[in-house]
Structure formats: C-alpha cells, structure tokens
Chemist: 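Mind having a look at this structure? Questions to follow.
These numbers come from the heavy atoms of this one structure, side chains and all, not from hydrogens, waters or symmetry mates. Here is the naming used below: chain letters follow the sequence lines, and residue numbers restart at 1 for every chain. Just so you know, these numbers come straight off a predicted model, no measurement behind them.
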2 protein chains.
Amino acid sequence: MHTSAHPLPTDGELEILQILWEKGPSTVREVNDEMNRIRAVGYTTTLKLLQIMDSKGLVSRDSSQKIHVYVAAFPQEQTRKALLDRFLETAFQGAAGEMVLQLLGGHQTTQDELSRIRELLADRDPQNRES
Amino acid sequence: MHTSAHPLPTDGELEILQILWEKGPSTVREVNDEMNRIRAVGYTTTLKLLQIMDSKGLVSRDSSQKIHVYVAAFPQEQTRKALLDRFLETAFQGAAGEMVLQLLGGHQTTQDELSRIRELLADRDPQNRES
DNA sequence: CTTAAAATACGAAATCATTCGTAGATTAAT
DNA sequence: ATTAATCTACGAATGATTTCGTATTTTAAG
C-alpha cells in the first residue's frame, strides 16, 4: 500500500535498505538472517519494518507467492544523495566545502576515488569555470 | 547537572547549538528570539531544551545571576566531525570518498575551499603534486 | 508594599521509531 | 489428516525527542 510520497528512510530502515541493495530481492527471512550477522533482531521486527517500509513506498514487494520478496524502491545513490543533502543542511548549514575538508582531513579514500575527485576538481578549475 | 559523558546532539539540540556558536553566550530569551526568526517556538520549549542540553553536558550555563547565560560546551568543528563520522557510517558505510564525490558533484563550494581541498589532495598523493 | 512582568523548574502530552508477542493462515512432514 | 514449522498481520509496549502548560520564584514598577 503506497500512500504518500516516499520520505527519507530512518536509521533502522536504512540498515535494511543496505542489505537489499547488496543482496538484491530478498525474503524477510533472508534480510533477517543478514541483520543477525550484525546484531540480534527478532524475525517479526524485521518483518514489521519491511511492512512499514512498503507502506511508505521505500520498498516494493512481490506478494503473489506465500513468501513475499522485497526490493528497494530507490537506488542506493539516490537515497544517499537525499540523506546527504539533509545532513549537509542540518549539520553543516549547507557548507559543502567545509564538509569535504572535514572528510578528506580525517578519512581514507581509495586510489580510484581520489582520481575521480581530481577529475571533478579539474572541471571546476577557475580558468574553465563559468560562474 | 552533568551526568554521563556528552552524547551527540539531536537535531533540535543542534539547531540551538548553531545559534550559540554564531552568537556566543546567550540567554534563553536571546536563543528563543533567534529561533523564532526561523520558525515558531515557545519560550519554554527553548528553555527546556537548553536545560536538557545542560544535563547532557552539551552546554554549560552561568546561573550565578537570575538570568542564566548558556554557552556551547564544545566547538562547532568538533561536534560537526563527530556527527559526520556517525553519518558516514550509517549512510555511506564508511566510504568517505563516495561521499566526497557526491558532495562535489552536486554542490557549490567556495573558491577558498576548493584551494584547500586541492592542497589536501596534493598532500595525499605526492606524485600528483604540481610544482 | 503590592502588583505585574519575566524567569526557571518541571510534569506531561504528542509524536515517532523500534521492538516484540500473539494470532491466524498456509505449507510441509509424518 | 494431524501436527509442526513457517509465514504474514497487527496491536501494543518502550524509549527518545519535541513541545507546551502550569507552578513557582525573582525582579522591577507603581
């Protein structure tokens, strides 16, 4: 039952989405087993959350069979971007550059990511930049 | 009353911290007035939140006078970093580089921030440093 | 001194997110 | 065909956050 427009997932919902993104379409049992590799969660807890997520439109499910199969309704990147935008506003008041500095200053990045970052920066070089 | 070790601020608490960081030591009245420039909030709501924040150790207050004066207990950068670390884990599963790409891809950064970012990147990979 | 204004303290409602127990239905096994 | 296992549905308890009303205290005004 998809009522309103999809809201952002809560932390608990996001945990489940991570699993669905990684494993693809999954049953409650599969999601719950995966959850329990990280922490103890009751089966009906996972079920309830998936049902709520379905009602919010965060996942869709195939209920044509007895055992329902759930799928993330939105791709990981889109959801991450939406979460990031909100966080950027609330915690950094929109100062994206500050956030990047904080990240690069305190965290590792892969070689591949570094190259891609440099590409983006090159595109922003003051000389070729139209403001 | 400072009981446990300081937790991360909630969203509501963060809103107040932003004001304290910007305006410096402030009374409840001042904080509440500032809040109301953004949205309608009752005076006692702001008061209560500040009291809770004091009990959590997120702010300290001078209660030697009748009118208490509140101050953020931790600097903005430190709090931002802590919030960022948590968000990085929950939303990006620790992939800092992915997050940077997402940020640079979709948001403006100031010229000064861009330069500082380039510096960090150059330090990160000496081979790529421009002479 | 009495009253009004303004501040703090605190209880508690409202909302949301998370968790689980129980009930009922369906399938599989003996 | 009973029984056991497994699934979905759903009510409800719990805890955290946010909000505000009321009571009380303190200061300032008349």
Side-chain angles (χ1 to χ4, degrees), chain A residues 1-4 6-19 25-36 38-71 79 83 86-87 90-91, chain B residues 1-19 25-36 38-71 83 86-87 90-91:
Chain A
M1 190 118 338
H2 307 218
T3 44
S4 60
H6 45 281
L8 291 179
T10 65
D11 284 357
E13 291 166 347
L14 187 56
E15 258 185 299
I16 287 182
L17 284 176
Q18 308 276 23
I19 291 171
S26 309
T27 65
V28 178
R29 175 67 55 196
E30 289 165 343
V31 171
N32 185 245
D33 285 353
E34 206 55 36
M35 287 285 291
N36 277 279
I38 303 169
R39 61 192 181 88
V41 191
Y43 177 86
T44 56
T45 300
T46 301
L47 169 64
K48 178 71 163 187
L49 215 27
L50 279 166
Q51 288 171 339
I52 290 172
M53 291 169 78
D54 179 56
S55 77
K56 289 182 179 178
L58 291 174
V59 299
S60 62
R61 65 175 165 181
D62 177 352
S63 50
S64 62
Q65 305 301 124
K66 156 85 187 285
I67 300 182
H68 299 179
V69 175
Y70 290 81
V71 188
T79 302
L83 288 169
R86 182 184 59 182
F87 180 77
T90 65
Chain B
M1 189 121 335
H2 308 219
T3 43
S4 60
H6 44 279
L8 290 179
T10 65
D11 283 358
E13 291 167 348
L14 187 56
E15 258 186 298
I16 287 182
L17 284 176
Q18 307 278 22
I19 291 171
S26 309
T27 64
V28 178
R29 176 66 56 196
E30 288 165 342
V31 171
N32 185 247
D33 285 353
E34 206 55 36
M35 287 285 290
N36 277 278
I38 304 168
R39 61 190 182 88
V41 191
Y43 176 87
T44 56
T45 300
T46 301
L47 169 65
K48 178 71 164 188
L49 215 26
L50 279 166
Q51 288 170 340
I52 290 172
M53 291 169 77
D54 180 56
S55 79
K56 289 183 179 178
L58 291 174
V59 299
S60 61
R61 65 174 166 182
D62 176 352
S63 51
S64 61
Q65 305 302 122
K66 156 84 186 287
I67 300 182
H68 300 179
V69 176
Y70 290 82
V71 189
L83 289 169
R86 183 183 59 181
F87 180 76
T90 64

Chemist: Treat a base pair as Watson-Crick or G-U wobble with both distances under 3.5 Å, then lay out DNA chain D in dot-bracket form, 5' to 3', with | for cross-strand pairs.
Modeler: ||||||||||||||||||||||||||||||

Chemist: How many whole angstroms separate atom CG of A:Leu50 from atom P of D:dT8?
Modeler: 9 Å

Chemist: Step by step, work out the side-chain contact (heavy atoms from CB on, under 4.5 Å) result for B:Arg29 and B:Asp33.
Modeler: CA-CA 6 Å; B:Arg29 176 66 56 196; B:Asp33 285 353; 4.0 Å; yes

Chemist: Taking the side chain as every heavy atom from C-beta outward, state whether B:Asp11 and B:Glu15 have any pair of such atoms under 4.5 Å apart.
Modeler: no

Chemist: Is A:Thr44 touching bases, backbone alone, or none of the nucleic acid, heavy atoms closer than 4.0 Å?
Modeler: base

Chemist: Does a side-chain N or O from A:Tyr43 land closer than 4.0 Å to OP1 or OP2 of D:dT8, or not?
Modeler: yes

Chemist: Determine, step by step, whether A:His68 and A:Val28 satisfy the side-chain contact (heavy atoms from CB on, under 4.5 Å) criterion, reporting the C-alpha distance in whole Å, the side-chain angles of both residues, the deciding distance to 0.1 Å, and the verdict.
Modeler: CA-CA 7 Å; A:His68 299 179; A:Val28 178; 5.7 Å; no

Chemist: Measure the distance from CG on A:Asp11 to P on D:dA16 and round it to the nearest whole Å.
Modeler: 15 Å

Chemist: Take atom CE of A:Met53 and atom P of D:dC10, then tell me their distance rounded to the nearest Å.
Modeler: 19 Å

Chemist: State, yes or no, whether a side-chain contact exists between A:Lys56 and A:Met53 at a heavy-atom distance under 4.5 Å.
Modeler: no

Chemist: Within this structure, what is the CD-to-P distance between B:Glu13 and D:dT17, rounded to whole angstrom?
Modeler: 7 Å

Chemist: Between A:Leu8 and A:Gly42, which residue's closest nucleotide on DNA chain C lies nearer the 5′ terminus?
Modeler: A:Leu8

Chemist: Say whether, by atom type as modelled, one donor and one acceptor occur between the side chain of B:Asn32 and the main chain of B:Val41 under 3.5 angstrom.
Modeler: yes

Chemist: Got a donor-acceptor contact below 3.5 angstrom from the B:Glu30 side chain to the B:Val69 backbone?
Modeler: no

Chemist: Are A:Val59 and A:Glu13 packed together at the side-chain level, in the sense that at least one heavy-atom pair is separated by less than 4.5 angstrom?
Modeler: no

Chemist: To the nearest angstrom, how far is B:Leu47 atom CG from D:dT22 atom P?
Modeler: 16 Å

Chemist: Let me know the distance between CG of B:Leu49 and P of D:dA16, rounded to the nearest Å.
Modeler: 16 Å

Chemist: Rounding to an integer number of Å, can you tell me how far B:Lys66 NZ sits from D:dT24 P?
Modeler: 16 Å

Chemist: Do B:Leu58 and B:Ile16 come close enough that some side-chain heavy atom pair is under 4.5 Å?
Modeler: no

Chemist: Mind checking A:Thr10 for me? I need base, sugar-phosphate or nothing, with any heavy atom below 4.0 Å counting as a touch.
Modeler: sugar-phosphate

Chemist: Hey, which sits more toward the 5' end of DNA chain C by its nearest nucleotide, B:Val28 or B:Lys48?
Modeler: B:Val28

Chemist: To the nearest angstrom, how far is A:Gln65 atom CD from D:dT6 atom C1'?
Modeler: 15 Å

Chemist: Of all the nucleotides listed (D:dT8, D:dT19, D:dT18), which has the minimum atom distance to the side chain of A:Gln51?
Modeler: D:dT8

Chemist: Of all nucleotides in DNA chain C with an atom under 4.0 Å from a non-hydrogen atom of chain A, which is the first and which the last going 5' to 3'?
Modeler: C:dA17 to C:dT26

Chemist: Would you call B:Thr46 and B:Leu50 a side-chain contact if the rule is heavy atoms closer than 4.5 Å?
Modeler: yes

